[in-house]
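Written out below as structure tokens is the structure these notes cover.
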2 protein chains.
Amino acid sequence: MTVRERLLRAATELIAEKGWGAVSTRMLADRAGVGSGVVHYHFHSVQAVLVQASVGALKSAVDDLGHLLDASSTPADVLTRLLEALDGHGGQELFTETLLAATRNDELRQAVGEVLVDFRRTLAEWLAARDVPTPVETAAVLAAAVDGVLLHRALSPDLTSDVVVPVLGRALR
Amino acid sequence: MTVRERLLRAATELIAEKGWGAVSTRMLADRAGVGSGVVHYHFHSVQAVLVQASVGALKSAVDDLGHLLDASSTPADVLTRLLEALDGHGGQELFTETLLAATRNDELRQAVGEVLVDFRRTLAEWLAARDVPTPVETAAVLAAAVDGVLLHRALSPDLTSDVVVPVLGRALR
DNA sequence: GATCGTACTGGACGATTGTCCAAAGCGTCT
DNA sequence: AGACGCTTTGGACAATCGTCCAGTACGATC
């Protein structure tokens, strides 16, 4: 793994652990096992590291979600896999932190917006092919609802797939 | 308004604007229109201001939501009002930031957890009285879904109540 | 009018921040 | 061997951070 990749990896970990606003140059360098100056050699600012790392993680997660949809047959199936996949893929905090940071950073907002539109379109097509009513609107709300569930799950672990899937499943009929 | 109250108000504004980790002593004092030393006169740390302010805002929002439930008759009605109320009540960012911070602060986690349990119980009772299936689980998922919608709405303003209510409404039948 | 306690100010303190840079390490080519 | 370019290091720099504290302002009490 190159130093650049190690820095991006460190960024995704630290955003989830400490929060977007609490990640510093030296934290990144320490976690990546390099000197502190190397951060500004590969990136032109700390914010740039965070943006590239979080957008990269978001894109790779949405890619996985695309493959996941192909392998799913029922709405309950896709909900279960969706929750599992996002949970594993860097943790819920990373995505929430990124969405929140996108609220305050125009460049990030645009990049995240594109990824989100892409995901909603893929999901809407899947829903439409299975005759779910109002697929476009349902996909948009579903994406948001899943994010909310991941966030709440961090505080109340009893919000398992067993609880979530039947309820959200009712919205997919 | 007392200086203490002005500081708490400033804290809720700044958490939403800048993010939990980016609120500083002098920011708080400036926004409240007081000298910088006064923060540690009324509170024993900056974190304490943020915790008290965010928990207070959360409690008052949940209180309003309780009254709101009394005035609502249909599930679609309660969804619409819920989204409106939370949107106005300090903005979506404040609540998301608070939930995220609760992930990293034990004292805050406990306080937020209690408020959340309280809200879910109230909502579950309302749902049960209207014969919505699995009211407890539905209330938990609904609370999470609404939070997710508010977060996504910050990035894609097209996620209006007109779009959200019909979809989530399907989960309440 | 002197004294007292509460509320508040503004600056000091050491630690940490983002950014930049001179120097050094190191493989490749002449 | 020498020169070159890419990568990395560790420290310098001003700015800002959280916290603390000596000193001031002011109404209430004696």
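Just so we're on the same page: letters track the sequence lines, and every chain starts at 1.
Within residues 97-111 of chain A, no residue places a heavy atom under 4.0 Å from DNA chain D. Within residues 42-52 of chain B, the residues having any heavy atom closer than 4.0 Å to DNA chain C are, in order of number, B/H42.
Around the CZ atom of B/R6, the shell of radius 6.0 Å holds more than 12 heavy atoms that belong to other residues, nucleotides or ligands.
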Which pairs, protein N/O on one side and nucleotides 15-17 of chain C N/O on the other, fall under 3.5 Å?
residue : atom : partner : partner atom : Å
C/dT17  : OP1  : A/S24   : OG           : 3.4

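When the side-chain contact (heavy atoms from CB on, under 4.5 Å) test is applied to B/E125, the partners found at least two apart in sequence or on another chain are B/R121. By the side-chain contact (heavy atoms from CB on, under 4.5 Å) test, B/D30 is found to be paired with no residue, residues two or more places apart in sequence or in another chain being considered. In this structure, A/D131 has no salt bridge (Lys or Arg N to Asp or Glu O under 4.0 Å) partners at least two apart in sequence or on a different chain. A/V115 is linked by a side-chain contact (heavy atoms from CB on, under 4.5 Å) to A/L58, A/K59, A/V62, counting only residues two or more places apart in sequence or in another chain. Applying the side-chain hydrogen bond (donor to acceptor under 3.5 Å, both in side chains) criterion to A/E17, with sequence neighbours excluded, gives A/R31. Taking the side-chain contact (heavy atoms from CB on, under 4.5 Å) definition, one finds that A/H40 meets it with A/T25, A/V46, sequence neighbours left out.
Evaluation of the salt bridge (Lys or Arg N to Asp or Glu O under 4.0 Å) test over residues 162-173 of chain A, restricted to residues two or more places apart or in two chains, returns none. Residues in residues 46-56 of chain B take part in these side chain to side chain donor-acceptor pair (under 3.5 Å) pairs, two or more places apart or across chains: B/R4-B/Q52, B/W20-B/Q47.
Annotation: side chain of A/V149 is not in contact with side chain of B/D147 (no heavy-atom distance under 4.5 Å). A 4.5 Å side-chain heavy-atom check between A/H152 and B/V141 finds every atom pair outside the cut-off.
Separating the CD atom of B/E5 from the P atom of C/dC8 is a distance of 12 Å, rounded to the nearest angstrom.
Side-chain atoms of A/T138 come within 3.5 Å of backbone atoms of A/P133 as a donor-acceptor pair (strictly under, hydrogens ignored). Judged purely by atom type and a 3.5 angstrom limit, A/R26 has no side-chain atom pairing as donor or acceptor with the backbone of A/S36.
At a threshold of 4.0 angstrom between heavy atoms, the contacts of B/V39 with the nucleic acid are absent.
Along DNA chain D, read 5' to 3', the first and last nucleotides having any atom under 4.0 Å from a heavy atom of chain A are D/dC6 to D/dA12.
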